[in-house]
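Below is one structure, written out as C-alpha cells; the observations come after it.
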Number of protein chains: 2
Amino acid sequence: MAIREKEAELTGTPGDALRVLREHSLTTLVQREIERQIVSGDLAAGAKLNEVDFCNELGVSRGPVREAFRMLEQAGLVRTEKNRGVFVRQVSIEEANEIYDVRAALDGLIGRLAATRVKPEQLARLKAIVKRMRAAERTLDADEYFPLNLEFHEVMAEAAGNRALTANYRRVVNELNLYRREMLLRDADNITLSTREHEAVVEAVTKGQADVAERLLFDHVIHSRERLHRALATPAPRARKAPRKAA
Amino acid sequence: MAIREKEAELTGTPGDALRVLREHSLTTLVQREIERQIVSGDLAAGAKLNEVDFCNELGVSRGPVREAFRMLEQAGLVRTEKNRGVFVRQVSIEEANEIYDVRAALDGLIGRLAATRVKPEQLARLKAIVKRMRAAERTLDADEYFPLNLEFHEVMAEAAGNRALTANYRRVVNELNLYRREMLLRDADNITLSTREHEAVVEAVTKGQADVAERLLFDHVIHSRERLHRALATPAPRARKAPRKAA
DNA sequence: ATATCGTAGATTGTTGACAATCTACAAGAA
DNA sequence: TTCTTGTAGATTGTCAACAATCTACGATAT
C-alpha cells in the first residue's frame with residue numbers, strides 16, 4: 001500500500017492527510033515506517049533492506065528511501081555497506097554490554113532530574129504503568145510486560161525535562177532493543193524483580209529523593225543487563241511471530 | 001573544487017584516490033566536508049545550506065548532498081524545514097545547559113572506565129597534551145588551547161574503550177561546539193583553571209582511581225559550563241575569522 | 001503611505017533513467 | 001570433481017529533469 005494512502009487512513013479524514021503531507025516529507029514518513037518495522041521486529045537483525053522493495057511497498061521512488069536509509073544509519077538502526085546495501089544492525093553481546101553502560105549513565109541522570117521535576121500528571125502515569133505491570137506479573141505475560149517496560153522508561157525520560165537527554169536516551173534504548181527483542185524476558189523471575197525495581201523508583205521519585213532515584217535507576221539498568229545474561233544462559237527460547245529472515 | 005579532486009589531493013597518490021572512492025560513497029564525503037565546515041565555524045549557526053551551492057562547490061549532484069543533509073540532521077548539526085531548506089542548528093543557552101548535563105554524565109562514565117582501561121600509549125598522549133596546554137596557558141593563546149581541549153577529551157573517550165560511549169560522546173560534544181565556538185574561552189582564568197582540572201584527571205587516571213577520575217571529569221564538565229556562563233557575562237568578544245553569515 | 005494581490009524567479013521535493021558494482025550461475029580447464 | 005572465468009541479471013550509486021512550494025518584488029487599490 002502506498003504510504004500516502006496509509007497516512008490518509010491513519011489520520012481518518014482526507015483533509016488531515018493533506019496536512020500531514022504539508023508538514024512531513026516522504027523521506028520522514030518512509031523513515032518512520034522502516035523504523036517501525038525494525039523496532040517491532042518485522043525486520044530481523046541482519047536482514048537486508050532492498051531499496052526497490054520499499055519503493056514498491058510504500059509507493060515512492062528511491063530518493064526518499066535512500067534518504068531515510070541515511071537517517072536510520074545515523075540513528076544506529078542499520079548499517080550500510082557500499083555497493084552491497086543496508087542491513088538491519090546486529091548488536092553483539094559485547095556491544096550490548098557496552099551500550100548498557102551508556103544507558104545506565106543516562107538513566108541515572110534521568111532518575112536524578114525526574115525526582116525534582118516530575119509533574120503530577122506524569123507521576124500518575126508512572127503509577128498506572130506499574131499497576132499494569134503487577135497484573136502482567138501475575139499472569140507472567142512477557143508480551144504484555146515488554147511494552148509496559150518501554151513505556152515506563154519513556155515517561156521517566158520525559159519527566160526528566162531535558163530534551164537532549166531524552167533524544168540520546170531514545171537512541172540508546174532503540175539500539176538495545178535490537179538485541180533484547182531477540183530473547184525478551186523469558187522467566188517469571190525477571191518480571192517480578194524488574195517490577196519491584198520499578199516500584200522502588202516510583203517511590204523515590206514521588207518523595208523527590210534525587211540521589212536515591214539516580215542510584216535505583218542506575219542499578220536497575222545494570223541488573224537488567226545481568227538478567228539478560230542469565231536469560232541467555234537458559235536453553236529454550238519459545239517461538240515468536242516469525243520475522244522476515246536475515247540474508 | 002570537485003570533492004573527488006580534493007580527495008585525490010588529500011591522499012597524495014592517484015591510486016589512493018581510487019581506493020577512497022571504492023570505500024566511501026559521495027554521500028559520505030559530502031557529509032564529512034559539510035560537517036567540517038560546520039564544526040570549524042566556516043558555516044555560522046543559523047546559516048542556510050543551499051543544495052545547489054554545495055553541488056557546485058563539491059562537483060556532485062543533489063542526491064548525495066540531500067542524503068548528507070539527512071545524516072547531519074540526525075547528528076543534530078542541522079535542522080530541516082520542509083520546503084524551506086536546512087540550516088545550521090542554533091543551540092540556545094537553555095539547550096546548551098541541558099546538553100552539558102548529558103555530557104557530564106557521559107564524561108563521568110568515561111573517567112571511570114578510562115581509569116581502569118587506559119593504555120600506556122594513550123596515557124602518554126594525554127600527558128603530552130596537558131604539557132602543550134601549559135604552554136598555551138603561559139601565552140594565553142585561546143586559539144591554541146581550544147583544539148588541545150578537544151583532543152584531550154577525544155583521547156579520554158578512546159581510553160574508555162567503549163565504542164557506544166565514544167559515539168554518543170562525540171555527538172554531544174559536536175552539539176556543544178555549535179555553541180561554545182561562538183564565544184570560546186575569553187579570559188586567561190578559564191584556561192588556567194581548565195588546565196588544572198585536566199592535570200588532576202590525568203593524575204587520577206594514571207593511578208587507576210576510577211571513582212576519583214569519574215568525579216573529577218564530571219565536575220570538570222559542570223565547571224566548564226559555569227565558566228561558559230561567566231564568559232557570556234563579559235561584554236566584549238574579540239573579532240574572529242568572519243564565518244559565512246546567517247540568513 | 002499602506003496593504004493586498006499576483007507574478008517571476010529561486011529553491012526544494014520527487015521522480016525516472018543511466019552508470020557502476022555486485023551476485024549467482026554456468027561453461028570450460030586442470 | 002574442483003577451480004577459474006565470464007556472462008546475465010539484480011542492486012546500488014549518481015545524475016538530470018520535472019513538479020511543488022516558497023520568496024521577493026512590483027502593480028494596484030484603498
Side-chain angles (χ1 to χ4, degrees), chain A residues 2-8 17-34 43 46-74 78-88 244-247, chain B residues 2-8 17-34 43 46-74 78-88 244-247:
Chain A
I3 200 166
R4 289 166 241 238
E5 302 163 22
K6 178 173 294 225
E7 281 296 320
L18 285 182
R19 183 185 49 75
V20 168
L21 270 182
R22 274 204 200 298
E23 293 173 2
H24 302 290
S25 65
L26 286 185
T27 298
T28 306
L29 299 177
V30 171
Q31 186 266 345
R32 231 188 269 175
E33 171 61 14
I34 299 179
L43 289 165
K48 182 172 189 312
L49 274 55
N50 183 291
E51 290 180 4
V52 179
D53 286 350
F54 278 104
C55 293
N56 297 334
E57 181 182 335
L58 303 175
V60 300
S61 67
R62 287 174 57 216
V65 171
R66 286 179 59 86
E67 290 182 24
F69 280 175
R70 294 297 94 77
M71 297 178 79
L72 294 165
E73 183 182 346
Q74 286 299 107
V78 305
R79 157 185 57 92
T80 299
E81 292 183 27
K82 181 166 156 63
N83 288 327
R84 292 191 20 100
V86 319
F87 305 82
V88 179
R244 203 181 300 177
K245 207 46 203 138
Chain B
I3 200 166
R4 289 167 244 238
E5 303 162 23
K6 178 173 294 226
E7 281 298 320
L18 285 180
R19 182 185 49 75
V20 168
L21 272 182
R22 275 207 199 298
E23 294 173 2
H24 303 291
S25 66
L26 285 186
T27 298
T28 305
L29 300 177
V30 171
Q31 186 267 343
R32 231 187 269 174
E33 172 60 15
I34 300 178
L43 289 166
K48 183 173 190 311
L49 275 53
N50 183 293
E51 291 180 5
V52 179
D53 286 350
F54 278 104
C55 294
N56 297 334
E57 181 182 335
L58 302 175
V60 300
S61 70
R62 287 173 58 216
V65 171
R66 287 179 59 85
E67 290 183 24
F69 280 175
R70 296 296 96 77
M71 297 178 80
L72 294 165
E73 183 181 347
Q74 285 300 107
V78 305
R79 157 185 57 90
T80 298
E81 292 183 29
K82 180 164 156 64
N83 287 327
R84 293 190 21 98
V86 318
F87 305 82
V88 178
R244 204 180 299 179
K245 207 45 205 143

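Quick caveat, the model's predicted, so the values are computed rather than measured. Chain letters run A, B, ... following the sequence lines, proteins first, then strands; residues in each count from 1. The figures that follow rest on heavy atoms only: side chains count, while hydrogens, waters and symmetry mates do not.
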**Request:** Remember a base hit wins even if backbone is also touched, and classify G63(A) as base, sugar-phosphate or nothing at under 4.0 Å, heavy atoms.
**Result:** base
**Nearest non-hydrogen partners of V65(A) and C55(A), listed with the distance** = CG2-SG, 3.9 Å
**Interatomic distance, E67(B) CD vs dC15(D) P [rounded to whole Å]** = 11 Å
**Message:** Could you tell me how far apart L26(B) (CG) and dT12(D) (C1') are, to the nearest whole angstrom?
**Reply:** 13 Å
**Request:** Measure the distance from CG on L58(B) to C1' on dC15(D) and round it to the nearest whole Å.
**Result:** 15 Å
**Item:** Closest heavy-atom pair and its distance - F69(A), I34(A)
**Value:** CE2-CD1, 3.7 Å
What nitrogen or oxygen pairs link the protein and nucleotides 10-12 of chain C at under 3.5 Å?
| residue | atom | partner | partner atom | Å |
| --- | --- | --- | --- | --- |
| dT11(C) | O3' | K48(B) | NZ | 3.4 |
| dT12(C) | OP1 | K48(B) | NZ | 2.6 |
| dT12(C) | OP2 | E51(B) | N | 3.4 |

**Item:** By salt bridge (Lys or Arg N to Asp or Glu O under 4.0 Å) - contacts of E73(B) (at least two apart)
**Value:** R70(B)
**Prompt:** Within a strict 4.5 Å, meaning less than it, do heavy atoms of the V30(B) and F54(B) side chains meet?
**Reply:** no
**Fill in**
For N50(A) and D53(A) the tightest heavy-atom approach is OD1-N, 3.0 Å
**Request:** Could you tell me which residues satisfy side-chain hydrogen bond (donor to acceptor under 3.5 Å, both in side chains) with E51(A), sequence neighbours excluded, listed by chain and number?
**Result:** R62(A), R66(A)
**Request:** Mind calculating the distance between CZ (F54(B)) and C1' (dC15(D)) to the nearest angstrom?
**Result:** 19 Å
